[in-house]
2 protein chains.
Amino acid sequence: MGIIRKTKSVKTLLEVFEQADSALSVVELVERLHREMNKTTVYRILDRLEDDGTLHSFMGRDGLKWYAKCRGCTASQHTDAHPHFQCRDCGKTECLTLDVSIPSVPNRKVDSAELLLIGLCEECLL
Amino acid sequence: MGIIRKTKSVKTLLEVFEQADSALSVVELVERLHREMNKTTVYRILDRLEDDGTLHSFMGRDGLKWYAKCRGCTASQHTDAHPHFQCRDCGKTECLTLDVSIPSVPNRKVDSAELLLIGLCEECLL
DNA sequence: AAATTAACGCAACTCGGTTGCATCAAGAAG
DNA sequence: CTTCTTGATGCAACCGAGTTGCGTTAATTT
Ligand SMILES: [Mn+2]
Ligand SMILES: [Mn+2]
Ligand SMILES: [Zn+2]
Ligand SMILES: [Zn+2]
């Protein structure tokens, strides 16, 4: 079930993602917003925003959950599949606009794919 | 640091992977072997076997850690990069022999990639 | 056989994430 | 604007995967 009431906390989180240029880990969000809302609230709102097709989530290499804005998804059409890039030095994690063809596997039905690229970001390369 | 002594526990784990046809989650290994060794020992041996290039690990969609045998890796050459398939119904997780080209990203250095395909396995399709 | 030390068992811990429940506040109804 | 309904929140307790410290055990060297 998605968002029904536009509470103060929901608005705050939407604004944070509006201004973010990269993906955000839940851990960072909880820390950054711990004066404005409870960590349980952060988890629950992210959950609902994902159901709505407003956000999408993925796992980083370390097992932490990350969220980022969807481009053109709805609750029924959650098809914004794209790779992500995680910097192994500073941790910065971004959505890539790269198109990746999802390979098919014999005798199996592939519904979705998660491609995480790991390396060094622009700044950490210098 | 890798394996130095071939203890009973190390031999047991190597045998389990020798006979496995799919990847194994740490959680399952700990449960399956809890009469033969402590969970800490399972974690530590898997760690060392990965350092050796005997095993490789990856994260499932749920954030659990999975291990599987490497084919032709060593401690210095850990280059067995391949996609994995996880069944969203039964959880079975396998290494795929599919070749996947790792895309390059402008202004970034990509070291490695993790591609996890999610769908229905052979048995769960029926 | 004795010495060395890598590896193990155990208990306590860390931390990301969840749950139950009482309370609050968004928004519909009047 | 006030009242009512109930979705959303705060809080505390909990869960579970993974880690750490340390005393003991056993694989390997001498
Ligand atoms: Mn993304
Ligand atoms: Mn594999
Ligand atoms: Zn970086
Ligand atoms: Zn299956």
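Naming convention: chains lettered A, B, ... in sequence-line order (proteins, then strands); numbering from 1 in each chain. Computed from heavy atoms alone, side chains included, the values below leave out hydrogens, waters and symmetry copies. Note that the structure is a prediction, hence the values are computed from the model and not measured.
With hydrogens and angles ignored, the 3.5 Å screen pairs a side-chain donor or acceptor of A/H56 with a backbone N or O of A/K69.
From the 5' end on, the contacts that DNA chain D makes with chain B at under 4.0 Å to a non-hydrogen atom open and close at D/dA17 to D/dT28.
Applying a 4.0 Å cut-off to non-hydrogen atoms, the residues of residues 30-39 of chain A that approach DNA chain D are A/E36, A/M37, A/N38, listed by residue number.
Applying the side chain to side chain contact (heavy atoms under 4.5 Å, CB included) criterion to A/V30, with sequence neighbours excluded, gives A/V26, A/K39, A/V42, A/Y43. With sequence neighbours left out, the side chain to side chain donor-acceptor pair (under 3.5 Å) criterion links B/D62 to no other residue. Listed by chain and residue number, A/L24, A/S25, A/R32 satisfy the side chain to side chain contact (heavy atoms under 4.5 Å, CB included) test with A/E28 (two or more places apart in sequence, or in another chain). Residues that satisfy the side chain to side chain donor-acceptor pair (under 3.5 Å) test with A/S57, not counting sequence neighbours, are A/E50, B/R61. Not a single side chain to side chain contact (heavy atoms under 4.5 Å, CB included) links B/S104 to another residue, sequence neighbours left out.
For the pair A/D47 and A/Y67, the minimum side-chain heavy-atom distance is below 4.5 Å.
Residue pairs meeting the salt bridge (Lys or Arg N to Asp or Glu O under 4.0 Å) criterion with at least one partner in residues 116-126 of chain A, sequence neighbours excluded, are A/E122-B/R108.
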Worksheet item: Is there a side-chain contact (heavy atoms from CB on, under 4.5 Å) between A/K92 and A/D21 once you walk through the steps?
Response: CA-CA 10 Å; A/K92 184 174 183 184; A/D21 61 323; 3.8 Å; yes
Practice prompt. Using the side-chain contact (heavy atoms from CB on, under 4.5 Å) rule, take A/T93 and A/F58 through it: C-alpha gap first, then chi angles, then the decisive distance, then the call.
Written response: CA-CA 11 Å; A/T93 303; A/F58 57 95; 3.6 Å; yes
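Shown here for B/V16 and B/L29, the closest heavy-atom pair between the two residues is CG1-CD2, 3.9 Å.
Note: CG (B/L49) to P (C/dA7) measures 11 Å, nearest angstrom. One interatomic measurement links the two molecules: CG of A/D47 to P of C/dG16, which rounds to 17 Å at whole-angstrom precision. Rounded to a whole Å, the CG atom of B/L13 is 13 Å from the C1' atom of C/dA7. If you measure from atom CG of A/L46 to atom P of C/dG16, you get 15 Å, rounded to the nearest angstrom. Straight-line distance from the CG atom of B/L64 to the C1' atom of C/dG16: 13 Å, rounded to whole Å.
Other members of the cluster containing B/L116 are B/I118, with ILVMFWY side chains joined at under 4.5 Å, either directly or via other members.
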Donor-acceptor pairs under 3.5 angstrom involving side-chain atoms of residues 3-15 of chain A: please list them, not counting sequence neighbours.
residue: A/T7; atom: OG1; partner: A/V10; partner atom: N; Å: 3.3
residue: A/T12; atom: OG1; partner: A/K8; partner atom: O; Å: 2.9

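Across the helix from C/dA1-D/dT30 to C/dG30-D/dC1, the helix axis at one end is tilted relative to the axis at the other end by 30° (nearest 10 degrees, each axis from five pairs).
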Response to the item:
With B for base contact, S for sugar-phosphate-only contact and - for none (protein heavy atoms under 4.0 Å), nucleotides 19-30 of chain C reads BB----BBS---
